[in-house]
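So the structure is just underneath, and the comments pick up after that.
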Amino acid sequence: MHDIRLKPKEQRRLLKGHLWVFSNELQTVPHDIAAGETVRLLTHDGKPLGTGFYNPHSLIAFRMLSRQGELPDRAFFKKKITEALRLRKAIYRLDDTNAWRLVHGESDGLPGLIIERFNRVVVLQAFSAGMDCHLPLVSEVIDELLQPEAIVVRNESQLRELEGLPLYKDIVKGERANTRQIIHDAGISFDVDLYEGQKTGFFLDQRENRRFIRSFSENADVLDVFTNDGGFALNALHGGAHSAILLDISEETLKRAEKNALLNGFDNFSLIAGDAFTLLNTMTEAKEQFDIVVLDPPSFTKSRKNLPAALKAYKRLNKLGLQLVKPGGFLATASCSHHVSEEDFLNAIHQAALSAGRQLRMIHKNSQPPDHPVLLSMPETGYLKFACFYVTE
């Protein structure tokens, strides 16, 4: 096993629990280390810090696996995945939901790896060269522990390009037909396509926030912007909403949302396809009003350098949304941009409210659900911000 050394004093962040080393923090690196190879990390004076994956092509040059010097063999992955599985089984009962994130990367001690369970199918994603090399072994362990009907690899994220990895998807166990599953979550069913759907096939991270809006949805007219599979709208309808408009730029996404609405027996909904900013502006000019407006956009920035533009976009989006909320109504709004802090996000909403002439009272604030745990030593493991406001003039 190769050794790599840190520059003087660069171990301080690691000793506080962080799991990454950036390329400019390394002092010596042998030239014959392959991308994804397991190496031993040393301080500048030769003291061992742990083992992990090295990638000469990535800004994140080293990802810590074990501070005890463990190697990523079958026993290691079985231990880590079993530990992660124990947590999820403690959090969720199968009669409540049969879909959850099993492994949340660094938070579960498996840096660069995402595993999600959807009923009888498991979906894998690798964001680091080291985990990419070990996906066959991970698949074997998953098969042993869960015996799924299918295992799907969805390695299509552009984050892989930062590691010098190709983009692809594959079915490593089972048939294409197995990748269509019905999942249920707190009384609502979703028909998910785990081979063709976005990312891993379905967004699990808004689960608790979707449920929250049920409490004030009775008889409400709802606008669900960036609806995707219809999660917020369906929860509102489940809570007794009078009507729901599902808005998304993708016709294919809206077809999925419509199928999910009908699967749950709802017919008091309509679909609108188009750019959210354009459509919200048109609705504002037409003086349309709703009891609940939900804004759940995709990430507005993948890097810190674009943060000012992202904050302007959040302010503009939330101003448009607020102008469509009836006095005495509710705005539910979210950000999944890691580089946008909660403070910056809430400030953008505050500025939007001032510009729109609305008074806000925050009644709920949340982040990602417990199957997406956050390491306090690694802010990078937390990304979702969600807030709900009571809106008056």
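All of these numbers come straight from a predicted model, not from anything done at the bench. Just so it is clear, the values below take in all heavy atoms, side chains as well, and ignore hydrogens, waters and symmetry mates.
Between R160 and F127, the shortest heavy-atom contact is CG-CA, 4.4 Å. Among all heavy-atom pairs drawn from N219 and D291, the shortest one is O-OD2, 4.2 Å. Counting all heavy atoms, side chain and backbone alike, P111 lies closest to E106 at CB-OE2, 3.3 Å. Between A387 and L346 the shortest heavy-atom distance is CB-CD2, 4.1 Å. For the pair G382 and V374, the tightest heavy-atom approach, listed with the atom from each and the gap, is CA-CG2, 3.8 Å.
In this structure, D108 does not pair ionically with K80, as no charged nitrogen and carboxylate oxygen lie closer than 4.0 Å. Using a 4.0 Å cut-off between charged nitrogen and carboxylate oxygen, R74 and E144 count as a salt-bridge pair. Ion pairing of D193 with R176 is present here, as a side-chain N (NZ or NE/NH1/NH2) and a carboxylate O approach within less than 4.0 Å. Between D205 and R101 there is no salt bridge, since no side-chain nitrogen of the basic residue lies less than 4.0 Å from a carboxylate oxygen of the acidic one. With salt bridges taken as basic N to acidic carboxylate O contacts below 4.0 Å, none links E83 and R86. Look at R256 and D229 and you find a salt bridge, because one of the NZ, NE, NH1 or NH2 atoms lies within 4.0 Å of a carboxylate O, short of that distance.
Annotation: K169, atom NZ; neighbour count of heavy atoms from other residues, nucleotides and ligands within 6.0 Å is above 12. No more than 12 heavy atoms of other residues, nucleotides or ligands sit less than 6.0 Å from atom CD of Q158. Counting non-hydrogen atoms of other residues, nucleotides and ligands closer than 6.0 Å to CD of Q359 gives a total of 12 or fewer. In E175, the CD atom is not crowded: 12 or fewer heavy atoms of neighbouring residues, nucleotides or ligands sit closer than 6.0 Å. Taking a 6.0 Å sphere around NZ of K173, one finds it holds more than 12 heavy atoms contributed by other residues, nucleotides or ligands.
With a 4.5 Å cut-off on side-chain heavy atoms, F389 and R358 do not count as touching.
For the residue pair D221 and S243, a side-chain donor N or O sits within less than 3.5 Å of a side-chain acceptor on the partner. Defined by atom type and a distance below 3.5 Å, a donor-acceptor pair is present between the side-chain atoms of D296 and Q206.
Within the cation-pi definition used here (under 6.0 Å to the ring centroid, within 45° of the axis), R207 qualifies as a partner of Y92.
Between Y54 and H2, the distance separating the two ring centers is not shorter than 6.0 angstrom.
When each of R214, R210, R211 is paired with D185, the salt bridge (Lys or Arg N to Asp or Glu O under 4.0 Å) condition holds for R211 and for no other.
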